[in-house]
Amino acid sequence: MSTKRACDACHRRKIRCAGGQPCWNCGHASLSCTYNAIPQKKGPKGNRAKVISELRETKLRDHANTGGYVDGFDTVTPPLSPPSSHKSEIIDQQLVSRCIESFFIHLYPTIPIFEKGALVNRAKNMSTSIDNYCLMTSLCAFVLTQPGHRVNVSGFSGGSRLTSHDLGKATFEEAIRIRKLSSFIERPNSDAVVTAYLLFGCCFCLDKHSTAWFYLREAATLAEIIGMDEESYYLSTDTTAGIRERRLFWVIFITERSIHL
DNA sequence: TTATTCGGAAATTAAAAACA
DNA sequence: GTTTTTAATTTCCGAATAAT
């Protein structure tokens, strides 16, 4: 019988975690007991039954070889080692809350693509899924890199003295890192569209114009792939979400056609 | 002797395939 | 639709090593 979820320290130490706050091990070792690591998605990704298909392939090849035929290809590639699931120390709930507040005060009037309640809800659950965490890091990066928008960042990043802009850069790097863990290319959704758009905004403000253009195109392409350019797409979403997603589509559409990088 | 580290087996989970 | 199979991640056992 194992714990539902081990704390960060027990996970790192590879020891049994009884749960709780703090857990017994952290309490005993005077460690801060956190549960910040983002769990990876379990289970097969993409084409499955790799082993059996490889074995069948090998059998076929052997058969071909004994029959005097060699195809010349070796399609068996070693699996990639899984990326680290450990979260950086950059983002926390307080920073996310401040960024959400700042977004709705300064940016929402021109980019009305989020619903505050839903966003706050997802912020609360940001440590439970990659998609939520990715959205929050992207949003924070977007807000923090905006020129002229000030978020009080004192007390963040382990006490280091970062400016809002530096923290924005660090958060942007984190958003890109975590986004790579998501399987959004194989299974695109509106989150992938939003994060691509937010990363476009970051790059634009960080003077990375080629990359900005790339992300804007990515947002537009993903939006098209999931069918946001079709009316039928919005029939499957509820009214509020549908309105936000329509706005998102048009924001991307208009930005792409009006911006000259 | 006690505490810590970490390789890797076992458990857990989820996606795809197979089946009814 | 449900069940089974497969492949991915997470937990944490227990041997090795370090610290006291």
Original post:
So which nucleotide does C:dT20 pair with, by the Watson-Crick or G-U wobble rule with both distances under 3.5 Å?
Top reply: none
What is the distance, rounded to the nearest whole Å, between atom [atom1] of [X] and atom [atom2] of [N]?
X: A:R12; N: C:dC12; atom1: CZ; atom2: P; value: 18 Å
X: A:H11; N: B:dG8; atom1: NE2; atom2: P; value: 17 Å
X: A:I15; N: C:dG14; atom1: CD1; atom2: P; value: 15 Å
X: A:N25; N: C:dC13; atom1: CG; atom2: C1'; value: 14 Å

Original post:
How about A:E174 and A:Y133: does a side-chain donor come under 3.5 Å of a side-chain acceptor?
Top reply: yes
**OP:** From the options B:dT4, C:dC12, C:dT11, select the nucleotide whose nearest atom is closest to the side chain of A:R16.
**Re:** C:dC12
Original post:
Are any of the side-chain heavy atoms of A:M136 and A:Q93 separated by less than 4.5 Å?
Top reply: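 In short, these two side chains do not touch, never coming nearer than 4.5 Å.
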**OP:** Could you check if a side-chain atom of A:T137 sits within less than 4.5 angstrom of a side-chain atom of A:F172, using non-hydrogen atoms only?
**Re:**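 The answer is no, as the side chains (C-beta and beyond) never meet within the 4.5 Å cut-off.
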**OP:** For A:Y35, check ring-ring contact (aromatic ring centres under 6.0 Å, His included) against everything at least two apart and list the hits.
**Re:**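 Per chain and number, A:Y35 pairs via ring-ring contact (aromatic ring centres under 6.0 Å, His included) with no residue.
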Subject >> Quiz item: A:K14 side-chain donor-acceptor pair to B:dG8 base, under 3.5 Å >> reply: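 Side chain to base: pair found, below 3.5 Å.
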